[in-house]
Structures are given as structure tokens and as C-alpha cells.
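Below is one structure, written out as C-alpha cells; comments come after it.
Chain letters run A, B, ... following the sequence lines, proteins first, then strands; residues in each count from 1.
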Protein chains: 2
Amino acid sequence: MAQTCIRHAGQPCVVCHVGRRSDWQDFDQTASALLSSGRRRREYGSGELVFAQGEPNDGVHCVSGGTVGIRRLDDNGNSVLLELAYPGDTIGYRSFLTGSEHKTSAEALGPSVVCHIDRATIAALLAGNPALGLRFLKRSIGELEHAHDMMFRQATLSNRHKLVHLLLVLVGRHGRRHSNGSQSIDLPVSRRDLASMIGTRHETISRIIGRLEIDGVAHFSGRQVTIPNVAMLAAEIDCLIQA
Amino acid sequence: MAQTCIRHAGQPCVVCHVGRRSDWQDFDQTASALLSSGRRRREYGSGELVFAQGEPNDGVHCVSGGTVGIRRLDDNGNSVLLELAYPGDTIGYRSFLTGSEHKTSAEALGPSVVCHIDRATIAALLAGNPALGLRFLKRSIGELEHAHDMMFRQATLSNRHKLVHLLLVLVGRHGRRHSNGSQSIDLPVSRRDLASMIGTRHETISRIIGRLEIDGVAHFSGRQVTIPNVAMLAAEIDCLIQA
DNA sequence: GAGCAAAATTGACGATCATCAACGACGCTC
DNA sequence: GAGCGTCGTTGATGATCGTCAATTTTGCTC
């Protein structure tokens, strides 16, 4: 996962090589050189913080491998997992652009690889490559629409349907297809985080999982989830749309 | 509210004159002339749509007067009010920048004035004024952080606390201060929309309002709300933060 | 002002949830 | 391996919520 693959200049972020999904591509030779010198690649263990809520911004990060959770905390110990970031995703760009401290924490949800680009380098890249700012804008808009979808689901779906939807999204990201048509996921998050993503308590998640087991639409074993028939699970939500 | 106030070129959007809050300022003379020719100002009655979900984008709108609600609908008739836009706010820029159809509807929540800038004009302005793109980016980031706040509250606050928080926000926007220290609001939204913003049903909103009345922290009469002691209402939420 | 449609309220009921508590499972450190 | 803390599950209980339904109020049109 953490293989290094140096390509020639002009390629997307020559180390990360996440291809299409990266914001760091289509640079000319000088920009590529700038990026190469201002970039630091680092591995993170499960649970390690890439940056912490409240910290001053020290540049921008780009996920190269693994999964990074974007989390918000409050003084009461509440924690909500707001987003999941995957290879190619740029994180920490908001506080960089607004010049404020980080408003969320970024935590490796498993062994991950994240590149860091320092402030001076991004500032120089942004100044010379207006397309980079535009890609940040597109990324921000994409995240905003994702947040709006979330808010809409929070207001219209039951907790069970919210969990089903989340499982379907995670199957799309992390799913492995088996020969008998079933699919498996290794959940990248704990039950508590699962609960926070849905807006309920972890005990409730336990009970909903129990009901999904009884109904035979999903089988849970630790963080491993097996879904015998993804289409049937999806039908639970789709029937709402057509009904 | 709908007064026209033509200033000289170089000022923020010469008609809208919403000042600091506008994205359409600091233009040179050619850009200002471009904006003047590509802009159309229009009044909307209560309930009228500025643009509708699913429609192709036909440019960008800028709120000049009144209040505009950003709403998402689904096929089941569910409606969720996602944001409120006030004078100075630019709306509809997301679908313009992503080249997609509108993913939300924008509806005048009362008599409002909204300017429209057509696609060609924005494209030209964006090409000549990189600062405009940056302001869109800042706006997008601001909305995203607002959405994250919302998601966090959805996951951690009770419905009553969510309503109290919403009331406090609306007091800040629409509140009138009285001599005896109390404050009044004319709610810009219906109870149904209030409910959708909180993620519950309108019957539940009715009951929560009833309890707020009993507790004497707020008095409701139609869309008019009087809050005897705003600090006491705010304390309901603050006690959670310090506790 | 009459008439109508939508909004808002209220009641009753069952379903769901949050909370507190207890317990087993798991991972980690020493 | 013992100890410890976190995570996950399960149970019991009271509170809250969603739904259906009936009714009143409001706002708008004609």
C-alpha cells in the first residue's frame, strides 16, 4: 500500500500517484519541482492524528493510502465523524484558505499514508496555477453537496434506514465481492463512530444491527460485515423513493 | 427594501449595494461595466422560486433584499430547508461551477429582491478576476463549515435544544430588541420548515413549542416569537458545553 | 365576507430511543 | 499472564417521537 513510485515530472503528484482523483496534477515542470521539494510523505498508525481540532494550520495534506476520518469534538467529550477521506482526497485545505485553526481533527482509521505540503509551497502553487484553486473549489462544492445529502437523510430517514444507507456507501468503497453474490466489508470505523455518523447512540446501533441480523439482510462479526444480497438491502431504501 | 441606489463604477455590485457582504466587489471599471450589463434585478413574492431543483443552471443569483430559503425535495414529497440566504449571499453558484443542474430549490421566504447574472457574464468575470473565484471558494468553505456544525448538532443535541439553537440564530438575524430587554422575531419560515431544519415532524415542533411556552422561555403567536430573556434561553445550550 | 386549502394544534397510541447499569470480549501495557 | 481500560452487547425503564386522526386556525381567492 505504501509503495513508492516515482514518475517523471508532469504526472499527478509524483509520489502519491493516486491518479485521476488527486487535486495535484497537470502541473508544469517548475510546479512539479516545487511540489516535490515542499512535500513530505508520512505513514500513520491506526488512531494517529494527522492534525487536531484547534491546532493552527500548517499546510495541506493529501491522503495517499488508507482511510482518514474527519472528526469534530466538543468539550463534553462528544465526537462526530463527519467525513471519510480516501486516497486522492485533499484534507486540511479549509483552514489553510481561511487562515484559521483546524475546525476538525483528521485521524487515520487504519494504517495510512498521508503527504504533507507546507504553507509556502501551496501558496506558491496556488499563485502560479489558478487551476489548483479551482480544483479546491470543486472539492469544497462536492463536500458541501455531500453534507447537504447527509442533512437531508438525517431529516427524512429512520435510524435503521440511515444505517442501511451508510452500509451501502461503505460497501461501494470497501466491499469485496464473493462468488456466491454476497459482499463483505471491513468496517473502517467503530460502532461508536458508526453511531455518531448516523446521529444516535452506540447502544441503539447495537440493537439495529441485531434487527438487521434477524431480518437476514446483513451479518455482523466484529468489524466484518457480510451482506448476502446487496440489492435486497438497497431495496429497503429504494422502496421509500417509489412508494 | 427594494430601493435602487446606483453608485459609480468600482463600488460593490452597483445596484445591490449590499456592501461588505457581497462577493461582487473590488472590480475594475471594465468588470463593473460587464456586471452592469449582464445583471438583471427582480422582485419575488413570498413563495416564488428563484430557481428549482433539477433545472439546468442559467447563471448565478445574488440576494439583495429579503430572505431566500435553500430547499431540497425528494420524490416522496419530503422537503428539507437546508440554508437561509440573506442580502449579500450568492446562490446557485455551485451548479454553475460544476456544470450540473440545480441540486436544490431557492425560494423567496417573503418579498425579496434577487439579482441574476447570466452564465456568459460570470464566465468572463471569473476569467478576468481570479479574486472572484477565491471569494466563491471562501463562500463554499463557509457553507461547508455551517453544514458541519449542523451535522454535529444533529448528532449531539436533543430536538428541544436544536430548536432553541435555531431560535437563537434567528434572533441574531431577525430579532428586534424591546425596551424591557425582551426580543421579538418574525419567523421567516413555517412550522413545517422549522421541523425539517431540525430533523423532526411538525407535530413534534408544535409540542416542543408548547413546552417552551410552559417553561416561559419563549412565547409564540403565529410566526411572531417573543423571548423574554435571551440569555436564559442561551443558557439552556451553554450549560451543556460547560457541564 | 364566503368559501376553500393549507397550516397548525391537540389527542391517543404504539414504536423507538436515551439512559443507566451490568457484563463479557478484546487489545494493550507492564 | 495479570491488570486495565475501552469497546460492544444486552436488559430494564422512562421519555420522546412518529403516526393517524380530528379539529381549529390561518391565509388566500373570488
[X] [atom1] - [N] [atom2] separation (whole Å):
X: A:Arg192; N: D:dT9; atom1: CZ; atom2: P; answer: 11 Å
X: A:Ile198; N: C:dA18; atom1: CD1; atom2: P; answer: 11 Å
X: A:Gln154; N: D:dG18; atom1: CD; atom2: P; answer: 13 Å
X: A:Arg160; N: C:dC17; atom1: CZ; atom2: P; answer: 11 Å
X: A:His161; N: C:dC17; atom1: NE2; atom2: C1'; answer: 17 Å
X: B:Asn159; N: D:dA15; atom1: CG; atom2: C1'; answer: 12 Å
X: B:Arg201; N: C:dA8; atom1: CZ; atom2: P; answer: 15 Å
X: A:Ile205; N: C:dT19; atom1: CD1; atom2: P; answer: 14 Å

- Query: Do A:Tyr86 and A:His174 have ring centres separated by under 6.0 Å?
  - Reply: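 Yes, the ring of A:Tyr86 comes within the 6.0 Å limit of the ring of A:His174, centre to centre.
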Counting side-chain heavy atoms from C-beta on, which of [options] comes nearest to [X]?
X: B:Ser190; options: C:dA7, C:dC17, D:dC17; answer: C:dA7
X: B:Thr200; options: D:dC17, D:dC7, C:dC17; answer: D:dC17
X: A:His202; options: C:dA18, C:dT9, D:dT9; answer: D:dT9
X: A:Arg207; options: D:dG11, C:dT10, D:dT9; answer: D:dG11
X: A:Glu203; options: C:dT19, C:dA8, D:dC7; answer: C:dT19
X: B:Ser206; options: C:dT10, D:dT9, C:dA18; answer: C:dT10

- Task: In plain terms, say whether A:Asp58 and A:Arg119 are close enough for a salt bridge, that is, a side-chain N and a carboxylate O under 4.0 Å apart.
- Result: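 Answer for the salt bridge query: no.
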- Query: Is any side-chain N of the basic residue among A:Asp215 and A:Arg160 closer than 4.0 Å to the acidic one's carboxylate O?
  - Reply: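 Judged by the 4.0 Å cut-off on N to carboxylate O distance, A:Asp215 and A:Arg160 do form a salt bridge.
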- Touch check for B:Arg223, heavy atoms < 4.0 angstrom, all strands: base, sugar-phosphate only, or nothing?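 It contacts nothing in the nucleic acid.
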- Is B:Gln154 reaching over with its side chain to a backbone N or O of B:Ile198, donor-acceptor style, under 3.5 angstrom?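 Yes; at least one donor-acceptor contact below 3.5 Å.
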- Item | Lys/Arg cation over aromatic A:Phe96: A:Arg94, 6.0 Å, 45° cone |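 Not flagged: A:Arg94 not positioned over aromatic ring of A:Phe96.
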- Message: For C:dA18 and A:Thr204 - does any side-chain N or O of the residue sit under 4.0 Å from the phosphate oxygens OP1/OP2?
- Response: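 Looking at the OP1 and OP2 atoms of C:dA18, one of them is under 4.0 Å from a side-chain N or O of A:Thr204.
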